[in-house]
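None of these values were measured; they are calculated from a predicted model. FYI, the numbering just counts along the sequence from 1.
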Amino acid sequence: GSKSEETLELSMEALENNPKENTVFFRDLSNNQNLSFDFRLIALNSLAKTELLEVREKLTGWMSSMSDNQKTSLIKVFSGSKEGALILKYLYSKSYLLIELFDLSSAERIYKSDKKDAVGKEILNNVKVLLEKESLEFSMKLKKYMAIAENRNGDENEEKNIAYEIVEFE
């Protein structure tokens, strides 16, 4: 963010000590279209400490217009607080957030916010399954390319095809 956003972020951290007294401030920041999307998420996460349902409804309304990158930012910011984790579990359970958008550390933070919660366990388990699947696919492709590389007979067209496949894979 910009210098002014960095200053605002430091102010917000101090104001989070009294979230009830600063509800209007956090709400105003989250509604300020001149601020970056990520900064508005930080303000919303602060607002969620006192106005959980209001924030949940606002984010539900934003879901259809949010890109996957924005949803990933939402997950990273909100997984850091108990209230944020509750909202993320709700959005996931309503299919607004796909499991592919969660990284392992965010999934672990969500799970740790309430280890008894079934949705948090499901998110963590599904992220682990997805990572294992991606790792297996990568291993299989790597073995295939290594075998081709070992057996190649200098065929220039074959080498070009392998190079294209590797680029597509990444």
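- For E54, the salt bridge (Lys or Arg N to Asp or Glu O under 4.0 Å) test picks out R27, with sequence neighbours left out.
- Of the inter-residue distances, the one linking L52 atom CG with L47 atom CG reads 9.5 Å to the nearest 0.5 angstrom.
- Residues L59 and L41 meet the side-chain proximity criterion, which asks for heavy atoms closer than 4.5 Å.
- The salt bridge (Lys or Arg N to Asp or Glu O under 4.0 Å) contacts involving residues 87-99 comprise K89-D117, where partners must be two or more places apart or lie in separate chains.
- Linking Ile, Leu, Val, Met, Phe, Trp and Tyr whenever their side-chain heavy atoms come within less than 4.5 Å puts Y111 and L131 in one cluster.
- Looking at every heavy atom in both residues, S30 comes nearest to R40 through O-NE, 2.9 Å.
- Considering every non-hydrogen atom in both T50 and K20, the closest pair reads CG2-N, 3.6 Å.
- A 4.5 Å side-chain heavy-atom check between V55 and E83 finds every atom pair outside the cut-off.
- Within the structure, no pair that satisfies the ring-ring contact (aromatic ring centres under 6.0 Å, His included) test touches residues 42-61, not counting sequence neighbours.
- Partners of R56 by side chain to side chain contact (heavy atoms under 4.5 Å, CB included), not counting sequence neighbours, listed by chain and number: L53, T60, I87, Y90.
- Side-chain atoms of W62 and F37, non-hydrogen and from C-beta on, do get closer than 4.5 Å to each other.
- We find the CG-CG distance between L101 and L88 to be 11.0 Å, quoted to the nearest 0.5 Å.
- When side chains are defined from C-beta on, F102 counts as touching I110, because their heavy atoms get closer than 4.5 Å.
- Within the 4.5 Å cutoff, the side chain of L29 has no heavy atoms near those of the I42 side chain.
- Annotation: side chain to side chain contact (heavy atoms under 4.5 Å, CB included) contacts of S105 (sequence neighbours excluded): D103, R109.
- Listed by chain and number, the residues in a side-chain hydrogen bond (donor to acceptor under 3.5 Å, both in side chains) with E100 amount to none (sequence neighbours excluded).
- Evaluation of the side chain to side chain contact (heavy atoms under 4.5 Å, CB included) rule for K143 yields no partner, not counting sequence neighbours.
- In this structure, F39 and L44 have side chains that are not in contact, with every pair of non-hydrogen atoms separated by 4.5 Å or more.
- Scanning for side-chain hydrogen bond (donor to acceptor under 3.5 Å, both in side chains) contacts around S113 gives an empty result, with sequence neighbours left out.
- Residues in residues 68-78 take part in these side chain to side chain donor-acceptor pair (under 3.5 Å) pairs, two or more places apart or across chains: D38-S73.
- Under a hydrophobic clustering in which Ile, Leu, Val, Met, Phe, Trp and Tyr are joined whenever their side-chain heavy atoms come within less than 4.5 Å, directly or via other members, L104 and L130 fall into the same cluster.
- Rounding to the nearest 0.5 Å places CE of M63 at 4.5 Å from CG of L91.
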Just list the side-chain donor-acceptor pairs under 3.5 Å for residues 118-129, sequence neighbours left out, or say none.
from : atom 1 : to   : atom 2 : distance (Å)
E122 : OE2    : Y92  : OH     : 3.1
N125 : ND2    : K121 : O      : 3.3
N126 : ND2    : Y92  : OH     : 3.0
N126 : ND2    : E122 : O      : 3.4

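- In this structure, S79 contributes its side chain and I75 its backbone to a donor-acceptor pair below 3.5 Å.
- By the 4.5 Å side-chain criterion applied to Ile, Leu, Val, Met, Phe, Trp and Tyr, M140 is assigned to a cluster that also includes L136.
- Take N32 and apply the side-chain hydrogen bond (donor to acceptor under 3.5 Å, both in side chains) test, not counting sequence neighbours, and it matches no residue.
- In the hydrophobic clustering of ILVMFWY residues, with side-chain heavy atoms under 4.5 Å counting as a link, L98 and Y96 come out apart.
- The distance from the OG atom of S46 to the CZ atom of F25 is 9.0 Å, given to the nearest 0.5 Å.
- One finds the CD atom of E137 at 10.5 Å from the OG atom of S139 (value rounded to the nearest 0.5 Å).
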